[in-house]
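Right, one structure below, let's go through it.
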2 protein chains.
Amino acid sequence: MPIGMLSRKTGVNIETIRYYERIGLLPAPPRTAGGRRIYDDGHRRALAFIRRARELGFGLADIRALLALARPHGESCAQVERIASAHLDDVRNKLADLARLEHILAETVGKCARETAPTCPVLNMLDPG
Amino acid sequence: MPIGMLSRKTGVNIETIRYYERIGLLPAPPRTAGGRRIYDDGHRRALAFIRRARELGFGLADIRALLALARPHGESCAQVERIASAHLDDVRNKLADLARLEHILAETVGKCARETAPTCPVLNMLDPG
DNA sequence: CCTTGTTCCTGTAGCTGCTACAGGATGTAG
DNA sequence: CTACATCCTGTAGCAGCTACAGGAACAAGG
């Protein structure tokens with residue numbers, strides 16, 4: 001199948017597919033006589049794998065490692081788990097940061113609605129006096 | 001004060017201060033005869049403002065707008081509030097996304113610990129079968 | 001066979017928000 | 001007067017794409 005169809009099937013942008021090939025994340029497919037890429041179902045699965053991993057927030061370096069570990073099926077689960085739980089830690093840290101953010105912002109914007117302050121509550125919070 | 005002291009006082013990297021100047025976020029200070037930047041307390045306050053706003057997740061475009069609105073004190077609070085609450089929406093969306101992520105990852109990594117699956121649970125979830 | 005329209009190709013540059021050099025000039029303390 | 005810290009400019013790099021420009025290839029209709 002040509003790149004456009006692969007793009008439609010996986011929901012990954014054509015430019016992004018070529019980008020993944022360029023950085024060596026997705027294997028380069030064979031070409032037609034005219035030079036167009038022809039993909040098979042193996043490529044489709046690999047790209048779908050990458051896409052799901054991206055949706056879960058894994059970085060491309062992690063995904064590269066995961067793809068490598070996905071080949072010899074069976075023994076390397078411990079390594080996979082290490083990558084995944086490191087990423088989970090990361091996500092939890094970001095979550096905590098964002099929650100703190102949300103709290104402060106919500107509070108400050110809330111003051112705007114109550115309209116009791118003489119100066120803008122948002123600028124007030126940002127201004128170091 | 002020279003740039004290094006400003007950096008220490010605000011916790012903003014020297015390179016970042018120069019970067020802010022280059023993109024027109026922080027006004028260019030006067031220089032010594034030898035060409036070194038000399039900052040005053042106004043610069044310090046502006047930079048501290050920028051820093052707090054960055055910590056709250058505002059983008060540089062938003063900060064540029066906020067800085068402009070911070071000058072004519074008093075009337076433009078509505079615009080400030082619009083920027084802040086748009087950002088708050090953004091933060092809440094990201095928060096929801098991350099929470100979903102966290103849930104899926106935690107569940108999957110949890111399966112690894114229970115060790116009952118024949119194949120790696122993480123790879124299993126990523127693999128589109 | 002020829003045209004039209006779509007798809008595809010390569011290569012480069014842009015985005016955000018910094019950070020990290022290289023290679024040199026300047027300021028300050030002993 | 002010499003060290004040494006601090007500063008200068010300019011460029012290039014990071015993630016992870018996205019958006020062109022300028023051209024070639026293919027499928028379908030006449």
Side-chain angles (χ1 to χ4, degrees), chain A residues 1-26 28-40 43 46-47 49-67 83 86-87 90-91 94 97-98 101, chain B residues 1-26 28-40 43 46-47 49-67 83 86-87 90-91 94 97-98 101:
Chain A
M1 82 186 105
I3 198 169
M5 193 178 302
L6 180 64
S7 172
R8 262 168 270 128
K9 277 194 182 177
T10 57
V12 177
N13 202 314
I14 289 182
E15 317 268 40
T16 305
I17 296 173
R18 289 197 282 247
Y19 169 70
Y20 287 160
E21 179 182 327
R22 207 163 53 241
I23 64 169
L25 200 62
L26 194 65
R31 306 276 188 128
T32 65
R36 298 185 167 204
R37 292 170 178 85
I38 296 298
Y39 296 94
D40 60 22
H43 292 105
L47 188 54
F49 181 102
I50 293 170
R51 198 196 173 200
R52 290 205 198 176
R54 284 298 296 137
E55 283 172 353
L56 289 171
F58 286 96
L60 296 187
D62 278 353
I63 295 177
R64 205 183 288 271
L66 289 173
L67 281 168
I83 293 172
H87 179 49
D90 222 71
V91 167
K94 279 194 189 122
D97 286 353
L98 268 190
L101 269 194
Chain B
M1 87 188 100
I3 197 170
M5 192 177 302
L6 180 65
S7 170
R8 262 168 272 130
K9 278 194 182 176
T10 57
V12 177
N13 201 313
I14 289 181
E15 316 270 40
T16 305
I17 295 173
R18 288 197 284 246
Y19 169 70
Y20 287 160
E21 179 182 327
R22 207 163 54 245
I23 63 169
L25 199 61
L26 194 65
R31 306 275 189 129
T32 66
R36 296 183 169 205
R37 291 168 179 85
I38 297 298
Y39 296 95
D40 61 22
H43 291 105
L47 188 54
F49 182 102
I50 294 170
R51 201 200 170 196
R52 289 205 199 176
R54 285 296 296 138
E55 282 171 356
L56 288 172
F58 286 97
L60 297 186
D62 278 352
I63 295 177
R64 203 183 290 270
L66 289 174
L67 281 168
I83 294 173
H87 179 49
D90 222 71
V91 167
K94 279 196 188 121
D97 285 353
L98 267 190
L101 268 194

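Every chain is numbered from 1, with letters handed out A, B, ... down the list of sequences. Below, all heavy atoms of this structure are taken into account, side chains as well, without hydrogens, waters or symmetry copies.
Summarising the geometry, the separation between CZ on A:Arg31 and C1' on D:dC26 is reported as 16 Å, rounded to the nearest angstrom. The distance between atom CD1 of B:Ile17 and atom C1' of D:dT6, rounded to the nearest whole Å, is 13 Å. In this structure, B:Glu21 places its CD atom 11 Å from C1' of D:dC8, rounding to the nearest Å. Between B:Ile23 atom CD1 and C:dT19 atom C1' there is a gap of 14 Å when expressed in whole angstrom units. Look at CG on B:Leu26: it is 13 Å from P on C:dC18, rounded to the nearest Å. Between A:Ile38 atom CD1 and C:dC9 atom P the separation is 9 Å, expressed in whole Å.
B:Leu67 approaches B:Leu25 most closely through the heavy-atom pair CD1-O, 3.7 Å.
A:Arg52 is linked by a side-chain hydrogen bond (donor to acceptor under 3.5 Å, both in side chains) to nothing, counting only residues two or more places apart in sequence or in another chain. With sequence neighbours left out, the side-chain contact (heavy atoms from CB on, under 4.5 Å) criterion links A:Ser7 to A:Ile14, A:Ile17. Residues passing the side-chain hydrogen bond (donor to acceptor under 3.5 Å, both in side chains) test with A:Arg18, sequence neighbours excluded: A:Glu15. For A:Arg31, the side-chain contact (heavy atoms from CB on, under 4.5 Å) criterion is met by A:Glu21, A:Arg37, not counting sequence neighbours. Every residue two or more places apart in sequence or in another chain that forms a side-chain contact (heavy atoms from CB on, under 4.5 Å) with A:Phe58 is listed here: A:Ala53, A:Leu56, A:Asp62, A:Ile63, A:Leu66, A:Ile83, A:Ala84, A:His87, B:Leu105. The ring pair (Phe, Tyr, Trp, His ring centres under 6.0 Å) search around B:Tyr20 returns none, not counting sequence neighbours. Residues satisfying the side-chain hydrogen bond (donor to acceptor under 3.5 Å, both in side chains) criterion with A:Asn13, sequence neighbours excluded, are absent altogether.
Residues A:Arg64 and A:Ile23 form a side-chain contact, since some pair of their non-hydrogen atoms from C-beta on lies under 4.5 Å apart.
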Measure all distances between protein nitrogen or oxygen atoms and nitrogen or oxygen atoms of nucleotides 3-5 of chain C, and list the pairs falling under 3.5 Å.
none

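The residue A:Ile14 sits close only to the backbone: its heavy atoms come under 4.0 Å of sugar-phosphate atoms, none of a base.
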Practice prompt. Let me have a per-nucleotide readout for nucleotides 15-25 of chain D, 5' to 3', with B, S or -, counting only protein heavy atoms under 4.0 Å.
Written response: -BBSBB---BB
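Distances shorter than 4.0 Å separate none of the side-chain N or O atoms of A:Arg8 from OP1 or OP2 on C:dT7.
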